[in-house]
Amino acid sequence: MDSGRNSFDRLLDVVRDIPAGRVASYGQVSAQVLGTTPRMVGFALSGLEQGTDVPWHRVINAAGRISLPQEDGAYAEQRARLEAEGVEFSTSDRIDFDAFGWL
DNA sequence: TCCATGACCGACT
DNA sequence: AAGTCGGCCATGG
């Protein structure tokens with residue numbers, strides 16, 4: 001039974017399915033799991049611990065921007081990981097979904 | 001047990 | 001073209 005597998009965990013599974021070099025928005029991820037919302041995705045990722053196997057850095061907001069304050073250290077880490085996978089940022093720090101979007 | 005908040009999104013003005 | 005408002009589920013005090 002999947003009682004141990006909440007929507008919370010299913011969302012993380014979807015994130016795990018995002019291939020390297022691609023990105024998905026919170027909305028795209030939540031759309032893969034019925035009964036979940038973009039807000040839940042953000043809440044799920046915020047609860048992750050360091051060293052998790054979930055590629056949380058491949059999840060960005062619908063505007064194609066990293067959904068974290070630039071002053072936060074996690075922002076730089078997320079951006080560095082994405083660039084390491086070949087994802088490019090525009091001059092306005094935006095990612096083009098048409099080129100790097102997963103779905 | 002109830003209330004408030006959260007790494008958001010879409011529609012409307 | 002940009003800013004505002006409500007809604008969705010799970011967690012913590």
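So that the names make sense, note that chain A is the first sequence line, chain B the second, and so on, each numbered from 1.
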Check: V33(A) main-chain N/O paired with T36(A) side-chain donor or acceptor under 3.5 Å: yes
Sugar-phosphate, base or nothing in reach of G47(A), heavy atoms under 4.0 Å: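 No contact at all - G47(A) keeps every heavy atom at 4.0 Å or more from the nucleic acid.
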Sugar-phosphate, base or nothing in reach of S30(A), heavy atoms under 4.0 Å: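 Result for S30(A) = nothing.
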Inter-residue atom distance L12(A).CG - L45(A).CG, 0.5 Å rounding: 6.5 Å
Take the protein atom [atom1] of [X] and the nucleotide atom [atom2] of [N], then report the distance between them rounded to whole Å.
X	N	atom1	atom2	result
D93(A)	dA7(B)	CG	C1'	16 Å
Y75(A)	dA7(B)	OH	P	16 Å
R65(A)	dC9(B)	CZ	P	13 Å
L11(A)	dC8(B)	CG	P	14 Å
R39(A)	dC8(B)	CZ	C1'	6 Å
Q32(A)	dC9(B)	CD	C1'	15 Å

Of T37(A) and F43(A), the one whose closest DNA chain C nucleotide lies more 5':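 Whichever sits nearer the 5' end wins; that is T37(A).
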Start and end of chain A contact along DNA chain C [non-hydrogen atoms, under 4.0 Å]: dG7(C) to dT11(C)
S46(A) vs dG6(B): side-chain N/O to OP1/OP2 distance below 4.0 Å: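 Indeed not, no polar side-chain atom of S46(A) lies that close.
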Any pair counted as side-chain hydrogen bond (donor to acceptor under 3.5 Å, both in side chains), so long as it reaches residues 21-30 of chain A, sequence neighbours left out: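 Residue pairs passing side-chain hydrogen bond (donor to acceptor under 3.5 Å, both in side chains), neighbours aside: none found.
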Residue W56(A), side-chain atoms from C-beta onward, closest of dG6(B), dA7(B), dC9(B):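 Selected nucleotide: dA7(B).
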Side-chain touch V14(A)/W102(A), heavy atoms, less than 4.5 angstrom: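 A side-chain contact under 4.5 Å exists here.
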Close side-chain approach of R79(A) to Q70(A), heavy-atom, < 4.5 Å: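 Not in contact.
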Listed partners of E77(A) passing side chain to side chain donor-acceptor pair (under 3.5 Å), at least two apart: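 Expected list: R81(A).
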Test salt bridge (Lys or Arg N to Asp or Glu O under 4.0 Å) applied to R16(A) and D13(A), step by step: CA-CA 5 Å; R16(A) 273 187 260 255; D13(A) 278 342; 3.4 Å; yes
Separation between the C1' atoms of dA7(B) and dG13(C), rounded to whole Å: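 Roughly 22 Å separates the two C1' atoms.
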